[in-house]
Amino acid sequence: MPWSTSLRAPELKRSAFLLLLLFFGSSGLLAAQDCPNPAYRPLQSGEQLTDWHATYVRPFRTPAGGVDAPSLTKDQVESLIEQMRTFHQRSLGDSLWFESLVQKITANYAGARDFRGLNTPVAERLSGSERSKDLDFSALCIDTRRSSSADDTFGITLFGLIKRDCEHVSLRGLVFSDALINGTVNGECRPDHIYYKRIIFPITAGTNTITFLCRKDGTGCARH
């Protein structure tokens with residue numbers, strides 16, 4: 001007997017609801033299109049640093065208007081990796097690194113019901129000059145999410161993190177409501193891609209994303 005005829009309509013609806021609840025409960029909050037969550041794939045023979053950049057970095061740098069971000073040369077990607085690693089270690093090493101930015105965002109939206117309209121360029125404007133010299137917005141992706149209602153949460157995503165940095169995320173609870181690892185609340189940190197410069201010098205390229213979530217409440221980010 002086909003599975004579709006073995007359950008009554010109410011039972012099918014109930015089963016579908018439970019599946020949706022299980023999916024959303026395990027995967028965390030829905031991500032907006034502005035900040036993707038690239039699917040992991042093992043390093044293939046013959047792949048270059050530019051392939052890593054196209055998969056794990058370039059999608060985050062595509063403007064909201066849909067114009068594709070420029071591709072980079074191998075030397076440019078090598079330089080970018082060093083810049084991103086420095087930024088990741090500085091920001092993840094300070095549990096209050098994003099506090100000033102979060103305070104400015106939540107203060108700006110204090111009178112609103114949600115964070116509708118917030119994205120990376122808007123957040124950069126709100127940051128002003130106080131800490132903009134420290135925050136590299138080209139290494140961040142900021143968008144809105146849905147918890148109880150549309151746009152009631154925003155996320156700050158770091159991308160291209162190496163596994164070691166991914167495993168030492170410690171900002172949850174001090175500034176933010178929660179954190180996602182590779183798109184899920186209890187996600188696992190994924191292996192790095194290892195490339196070689198002049199055949200013998202390894203270059204470690206990260207494949208992980210970390211998203212810090214701020215769920216709106218009356219004073220800032222709701223805590224558990």
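In this chain, residues are counted from 1 in sequence order. As a basis for the values below, the full set of heavy atoms in this structure was taken, side chains included, without hydrogen atoms, waters or symmetry mates.
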So, [X] side chain and [Y] main chain: donor-acceptor pair closer than 3.5 Å or not?
{"X": "Asn182", "Y": "Thr209", "value": "yes"}
{"X": "Gln76", "Y": "Thr73", "value": "yes"}
{"X": "Thr120", "Y": "Ile142", "value": "yes"}
{"X": "Asp165", "Y": "Ile162", "value": "no"}
{"X": "Trp52", "Y": "Leu43", "value": "no"}
{"X": "Asn208", "Y": "Cys166", "value": "no"}
{"X": "Asn108", "Y": "Ile105", "value": "no"}
{"X": "Gln48", "Y": "Gly46", "value": "yes"}
{"X": "Asp152", "Y": "Ser147", "value": "yes"}
{"X": "Gln44", "Y": "Pro42", "value": "yes"}

Heavy atoms, side chains only, cut-off 4.5 Å: are [X] and [Y] in contact?
{"X": "Glu78", "Y": "Lys197", "answer": "yes"}
{"X": "Val175", "Y": "Trp97", "answer": "no"}
{"X": "Thr207", "Y": "Leu161", "answer": "no"}

Quick check for you: to the nearest 0.5 Å, what is the distance between [X] atom [atom1] and [Y] atom [atom2]?
{"X": "Lys104", "Y": "Thr106", "atom1": "NZ", "atom2": "OG1", "answer": "11.5 Å"}
{"X": "Thr157", "Y": "Leu140", "atom1": "OG1", "atom2": "CG", "answer": "8.5 Å"}
{"X": "Cys214", "Y": "Phe154", "atom1": "SG", "atom2": "CZ", "answer": "4.0 Å"}
{"X": "Leu49", "Y": "Tyr195", "atom1": "CG", "atom2": "OH", "answer": "6.0 Å"}
{"X": "Arg125", "Y": "Phe137", "atom1": "CZ", "atom2": "CZ", "answer": "11.0 Å"}
{"X": "Asp114", "Y": "Arg145", "atom1": "CG", "atom2": "CZ", "answer": "15.0 Å"}

Cluster overlap Ile194 with Ile203, hydrophobic side-chain contacts below 4.5 Å: no
- prompt: Can Tyr196 be reached from Leu80 by stepping across I, L, V, M, F, W or Y side chains whose heavy atoms are under 4.5 Å apart?
  reply: no
message: Is it the case that atom CD in Glu167 sees more than 12 heavy atoms from other parts of the structure closer than 6.0 Å?
response: yes
query: Heavy-atom count around Arg164 CZ within 6.0 Å, excluding the residue itself: above 12?
result: no
task: Output all residues satisfying side-chain hydrogen bond (donor to acceptor under 3.5 Å, both in side chains) with Thr204, sequence neighbours left out; order by chain, then residue number.
output: none
Of all the heavy-atom pairs spanning [X] and [Y], show the shortest one and how long it is.
{"X": "Ala139", "Y": "Phe87", "value": "CB-CD2, 3.7 Å"}
{"X": "Pro38", "Y": "Tyr56", "value": "CB-CD2, 4.1 Å"}
{"X": "Tyr109", "Y": "Leu126", "value": "CE1-CD1, 4.2 Å"}

Cationic tip of Lys216 above Phe115 ring, under 6.0 Å, 45° of axis: yes
field: Modelled atom types, side-chain donor and acceptor of Gln83 and Ser79, under 3.5 Å
entry: yes
- request: Decide yes or no on salt bridge (Lys or Arg N to Asp or Glu O under 4.0 Å) for Glu47 and Arg41, but give the supporting numbers first.
  value: CA-CA 12 Å; Glu47 286 192 6; Arg41 54 185 179 82; 2.5 Å; yes
message: Asp217 vs Arg215, test: salt bridge (Lys or Arg N to Asp or Glu O under 4.0 Å). Steps then yes/no.
response: CA-CA 7 Å; Asp217 69 3; Arg215 192 171 68 255; over 6 Å; no
message: Under the criterion side-chain contact (heavy atoms from CB on, under 4.5 Å), I'd like the reasoning laid out for Ser91 against Leu158: C-alpha separation, chi angles, the key distance, then a yes or no.
response: CA-CA 10 Å; Ser91 57; Leu158 304 177; 4.0 Å; yes
field: Derivation and outcome, side-chain contact (heavy atoms from CB on, under 4.5 Å), residues Ile181 and Ile210
entry: CA-CA 5 Å; Ile181 297 177; Ile210 299 294; 3.7 Å; yes
task: Please work out whether the ring planes of Phe98 and Phe212 are parallel, tilted or perpendicular, with thresholds of 30° and 60°.
output: tilted
